[in-house]
Amino acid sequence: MRDDRRKPANSGELLAWYDVHARAMPWRVPPADKVAGVRPDPYRVWLSEVMLQQTTVAAVRDYFHRFTTRWPTVQDLAAAEDGDVMGEWAGLGYYARARNLLKCARVVVSDHGGVFPTTLAGLLKLPGIGPYTGAAIASIAYDLPEVVVDGNVERVMARLHDVHDPLPGSKVQLTELATALTPQARPGDYAQAVMDLGATICTPRNPACGICPWRDPCVARVEGTAAELPKKTPKKPKPTRLGIAYIARRSDGAYLLERRPDKGLLGGMLGWPGGAWSEEGAAEAPPLTADWQRLGAEARHTFTHFHLILEVRVANVAMGTNPEVGQFIEPASFRPSDLPTVMRKAFDLAVGAFDNGS
DNA sequence: TATTCGTGGGT
DNA sequence: TACCCAAGAAT
């Protein structure tokens, strides 16, 4: 802080802004309804917060609707089949979230009578609930004054106080600043207000400082440094890995798929056999003997920490063929939408080849 | 503390 | 095109 005479930011200014500008969301109770006594459903708050981890609101909306339609309560979700939940999560990414989601639902039902813990400490013991999500549920669902620190809060605090130390090292400092601002009154609305501010006004690029409810106390705005904060330590370059996807179609239209192990990349998801991906592109043996055809194109996909070039090989096989890995899934129970995106890309290429009568 | 773990959209 | 980024958690 370079100007101690500046009047510090205060939560009331932000709450007043939120009362007018709160974004409408399927899992959210608008401030006017909360005044009337409406409380958020902890199940829906929890589900939305897990889905929103490192994921945009736009991407979450449809998933949230499908999940809550299919599994309206935590009891419903706890009773679901693993494969159904993983399939419904397919395409949303970070699949450990879905595995932990199911674990968490089952613990809540078996150990807590189907009621989410009502303290931060209790929430933090559950799978998939970390410091952010625990504080978010505690504040939004139960109006407890816990400190919510996500990427939005980090950015807003860094700018309000002109913090130039790079993340993630500055996280402790930014958390302290966030703690000082978190109010005892309406902490749930406040938490959502800071995140709305970060998402709509105090954006990563081209922040709309002119219409910000905290424009006066914001030190970075005065210093002209808002757009360059928060600083971040540079990230490592992504290597490129090579792999093969073997897509076998049986004469009845069944496809050969395998369930990937729970640990590691795409853990718990369906995928095409093809072995590990490496920078050397070691040739993996096919899952069964057949007349494998190479396609003219490969699937390209970028993960968090590497690029992938996936060669797709296809084969038509007869009924009664026994694969060495995976199992055939019949057309009636195969939904391409159950596949993670990279596997669906490979499938889209293969379908074109099968349609061409290979 | 550093790495692993997805995906789609914006610039 | 190539990067950046998004309501992080687990290890």
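Nucleotides B:dT11 and C:dA7 place their P atoms 15 Å apart, quoted to the nearest Å. Taking atom P in both C:dT1 and B:dG6, the straight-line distance is 24 Å, to the nearest Å. Comparing C:dC4 with B:dT3, their P atoms sit 16 Å apart, to the nearest whole Å.
Residues that satisfy the ring-ring contact (aromatic ring centres under 6.0 Å, His included) test with A:Y94, not counting sequence neighbours, are absent from this structure. By the side chain to side chain donor-acceptor pair (under 3.5 Å) test, A:E154 is found to be paired with A:K171, residues two or more places apart in sequence or in another chain being considered.
Ion pairing of A:R186 with A:D189 is present here, as a side-chain N (NZ or NE/NH1/NH2) and a carboxylate O approach within less than 4.0 Å. Between A:R215 and A:E13 there is no salt bridge, since no side-chain nitrogen of the basic residue lies less than 4.0 Å from a carboxylate oxygen of the acidic one.
Nearer the 5' end of DNA chain B, as judged by each residue's closest nucleotide, is the contact made by A:K236, out of A:K236 and A:T302. Across the interface with DNA chain B, nearest-nucleotide mapping of A:R344 and A:H305 shows A:H305 to be the residue nearer the 5′ end.
Surrounding CD of A:E279 are more than 12 heavy atoms belonging to other residues, nucleotides or ligands, all under 6.0 Å away.
For A:R241 (side chain) and A:F306 (main-chain N/O), no donor-acceptor pair under 3.5 Å exists by modelled atom type. Remark: side-chain polar atoms of A:W214 are paired, donor with acceptor, to backbone N or O of A:N10 under 3.5 angstrom. Remark: side-chain polar atoms of A:R44 are paired, donor with acceptor, to backbone N or O of A:P26 under 3.5 angstrom.
The nucleotide range of DNA chain B contacted by chain A, defined by atoms under 4.0 angstrom from heavy atoms of the protein and reported 5' to 3', is B:dT3 to B:dT11.
Of the residues in residues 58-72 of chain A, none has a non-hydrogen atom less than 4.0 angstrom from any atom of DNA chain B.
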Got a list of side-chain donor-acceptor pairs under 3.5 Å for residues 112-136 of chain A, not counting sequence neighbours?
unit_1 : atom_1 : unit_2 : atom_2 : d
A:T119 : OG1    : A:G122 : N      : 3.0
A:Y132 : OH     : A:E49  : OE1    : 2.6
A:T133 : OG1    : A:Q53  : NE2    : 2.8

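In this structure, A:T304 reaches the bases: a heavy-atom distance under 4.0 Å links it to at least one base atom across the strands shown. Using a 4.0 Å heavy-atom cutoff across all strands shown, A:G169 reaches no nucleic acid atom at all.
Between A:F334 and A:F347, the angle of the ring planes goes over 60°, which puts this pair in the perpendicular group of the 30/60° scheme. Ring geometry, A:W46 versus A:Y43: the interplanar angle falls from 30° to 60°, so the pair is classed tilted.
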* What is the per-nucleotide protein-contact pattern of nucleotides 4-11 of chain C, from the 5' end, where B denotes a base atom under 4.0 Å from a protein heavy atom, S denotes such proximity for sugar-phosphate atoms only, and - denotes neither? -> SSBBBSS-

